[in-house]
Novice: 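Before anything else, here's the structure in question.
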Amino acid sequence: MRVAFLGKGGAGKTTTAAGFIQFMSERHPFVLAVDADVNAHLKSALNLQGEIKQLGLHFDKVTDYLRGERKDLGDRPMIGTTPPAKGSNFIYPKKDNHFIKEYALYERNIALLTVGTYQQEDVGGSCYHEKLKSLAGIFHHMLDNDDDVVIADTTAGTDNVATSLSFAYDINVFVLEPTEKSTQVYLDYKEIAPQFVERTYVVGNKVDGEEDAEYIKGRVGADKYLGSIPYSTYLKKFEQGDDDAINSFHKEQEAAFENVLKELKSRKRDWNEYMERLQKAYAWDCQRWYSDYYKQDLESGIDKTFRYEDVLSTKKTAMPV
Ligand SMILES: Nc1ncnc2c1ncn2[C@@H]1O[C@H](COP(=O)(O)OP(=O)(O)OP(=O)(O)O)[C@@H](O)[C@H]1O
Ligand SMILES: [Mg+2]
């Protein structure tokens, strides 16, 4: 199961994602956390101490790894939406997985992948979408099942709509403050991406009493509202160095998180639908930009018969890492 936390800048995405990662890490043997924000703060929000490896610096190597032994591509490059095929390497969100061991910071029972920020050579020449597209490639090669937990913190706004990350998560949770601007981000998303609204929910953050909660429900619809997290004085204490205060804050988040978990558990990913979306996104990317860019027809000739089930079924007997 995969969930992403979205919302306006400063609404509390990182704080809420970190809280949910902690919540799930107390209930599951292993949690894969993904920091997909250009301003990478998930590590400190989780109070992890080790060194992170910025995935953004290693995407060429990552892409080679995902490409594996596949023959159908010939000399075509892989882009973020290139659907996997026979010969691809896949990622299993497990502690001993090769990819996780290579790129994640592992502490407690949390593995943290960090896309990372811009480098000097990116200045004026690269946008974060390029990095997000590569991250999407990782998700499209991930074979998580219903017991695996993958939780992502994202960039502010509705950015994920612009990449194939838009369908990479089983549910999206918007973190909304009880203000017009904050709730507008969800309303804009609803307008731009109506096809994903069925998998999108809202958590109220910095909510001060029932009136605030009612305000958000009035804006987004009560059926979408999974619960409120209060404006917390414990969080400030934690950020001022009182490590124990975070536990009291986690208690304040618990009721909303129980509902997020319930929604996540009720989802069963349709892998065929996922593949259809991915193939469409790939065709669209090739036609719009990449075939031209690489001066090569990227679209024709690649294996379109591959189904995730082809590799998911082998996983039942022996778990490749
Ligand atoms: N429930 C809460 N109670 C009190 N303060 C909060 C709460 N949630 C978040 N904050 C504070 O709000 C600020 C922004 O939170 P956070 O960094 O999680 O937001 P964000 O949406 O990830 O921001 P960005 O868009 O910059 O990534 C932080 O100082 C955080 O401590
Ligand atoms: Mg953040």
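Position 1 is the first residue of the sequence; numbering continues from there. Every number for a ligand or one of its atoms is a count from 1 in the order of the listing.
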Novice: Please indicate whether any nitrogen or oxygen in Thr15 is less than 3.5 Å from any nitrogen or oxygen in ligand 1.
Specialist: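 Yes; at least one N/O pair falls below 3.5 Å.
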Novice: Number the atoms of ligand 1 from 1 as they appear, then name those within less than 4.0 Å of a heavy atom of Gly9, with their elements.
Specialist: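 Counting atoms of ligand 1 from 1, those under 4.0 Å from Gly9 are 25 (O).
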Novice: Output the list of atoms in ligand 1 that are nearer than 4.0 Å to some heavy atom of Phe249, sorted by atom number.
Specialist: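 Those of ligand 1 that fall under 4.0 Å from Phe249 are 1 (N).
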Novice: Considering only heavy atoms of Pro230, which atoms of ligand 1 have at least one such atom less than 4.0 Å away?
Specialist: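 Heavy-atom distances to Pro230 below 4.0 Å select 1 (N), 2 (C), 3 (N).
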Novice: Is the shortest N/O to N/O distance between Gly12 and ligand 1 below 3.5 Å?
Specialist: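 Yes.
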Novice: Ignoring hydrogens and angles, state whether a donor on the side chain of Ser228 or Tyr225 is under 3.5 Å from an acceptor on the partner side chain.
Specialist: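 Indeed, the side chains of Ser228 and Tyr225 share at least one donor-acceptor pair under 3.5 Å.
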Novice: Against heavy atoms of Ser232, which atoms of ligand 1 measure under 4.0 Å?
Specialist: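 Matching atoms, with element in brackets: 2 (C), 3 (N), 4 (C).
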Novice: What is the nearest protein non-hydrogen atom to atom 20 (P) of ligand 1, stated with its residue, atom name and distance?
Specialist: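 Going atom by atom, the protein heavy atom closest to atom 20 (P) of ligand 1 ends up being Lys13 N, 3.5 Å.
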Novice: Please list the nearest protein heavy atom to atom 5 (N) of ligand 1 with its residue and the distance rounded to 0.1 Å.
Specialist: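 The closest one turns out to be Leu235 CD2, 3.5 Å.
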Novice: Consider ligand 1: state whether an atom of it lies below 4.0 angstrom from any non-hydrogen atom of Lys206.
Specialist: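 For ligand 1, residue contact (heavy atoms, under 4.0 Å) with Lys206 is present.
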Novice: Tell me whether the NZ or CZ atom of Lys53 lies within the 45° cone about the ring axis of Tyr103 and under 6.0 Å from its centre.
Specialist: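 Yes, a cation-pi geometry.
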Novice: Against ligand 1, does Lys8 come closer than 4.0 Å with any heavy atom?
Specialist: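 Contact present.
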Novice: Backbone or side chain, does Thr14 get an N/O/S atom under 2.8 Å to the Mg ion (ligand 2)?
Specialist: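 It does; at least one qualifying atom falls short of 2.8 Å.
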Novice: Strictly under 4.0 Å, does any heavy atom of Gly7 approach an atom of ligand 1?
Specialist: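 Under 4.0 Å: no for Gly7.
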Novice: Please list, in number order, the atoms of ligand 1 under 4.0 Å from a heavy atom of Asp37.
Specialist: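 So the answer, numbered in order with elements, is 27 (O).
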Novice: Say whether Gly10, considering both its backbone and side-chain N or O atoms, lies within less than 3.5 Å of an N or O atom on ligand 1.
Specialist: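 N/O-N/O distance below 3.5 Å exists for this pair.
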Novice: Testing Tyr201, Phe20, Phe249 one by one against Phe257 for a ring-ring contact (aromatic ring centres under 6.0 Å, His included), which residue passes?
Specialist: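 With Phe257 as partner, ring-ring contact (aromatic ring centres under 6.0 Å, His included) holds for just one option, Phe20.
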Novice: Checking side chain to side chain donor-acceptor pair (under 3.5 Å) between Asp170 and each of Arg2, Arg269, Arg267, which is the one that passes?
Specialist: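 Answer after filtering Arg2, Arg269, Arg267: Arg269.
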Novice: Backbone N or O of Phe5 within a donor-acceptor pair of the Thr154 side chain at under 3.5 Å?
Specialist: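 A pair under 3.5 Å: yes.
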Novice: Can a side-chain donor-acceptor contact be found between Gln54 and Thr114 if the only test is distance below 3.5 angstrom?
Specialist: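 Side chains of Thr114 and Gln54: no pair found under 3.5 Å.
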Novice: Establish, from distance only, whether the side-chain atoms of Thr81 and His140 form a donor-acceptor pair under 3.5 Å.
Specialist: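 No, because no side-chain N or O of Thr81 sits under 3.5 Å from a partner of the opposite role on His140.
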Novice: Do any N or O atoms from the side chain of Arg27 and from the backbone of Phe23 form a donor-acceptor pair under 3.5 angstrom?
Specialist: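 Present.
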Novice: Just wondering, do Glu69 and Lys86 contact through their side chains at under 4.5 Å, heavy atoms?
Specialist: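 A side-chain contact is absent here, since even the closest heavy-atom pair is not under 4.5 Å.
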Novice: Say whether, by atom type as modelled, one donor and one acceptor occur between the side chain of Ser291 and the main chain of Leu298 under 3.5 angstrom.
Specialist: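 Confirmed, Ser291 side chain pairs with Leu298 backbone.
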Novice: Using a 4.0 Å cutoff against the non-hydrogen atoms of Glu239, which atoms of ligand 1 qualify?
Specialist: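 Checking each atom against Glu239, I get 29 (O), 30 (C), 31 (O).
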Novice: Please state which option from Asn205, Val207, Asp153 has its nearest heavy atom closest to atom 1 (N) of ligand 1.
Specialist: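 Shortest heavy-atom distance from atom 1 (N) of ligand 1: Asn205.
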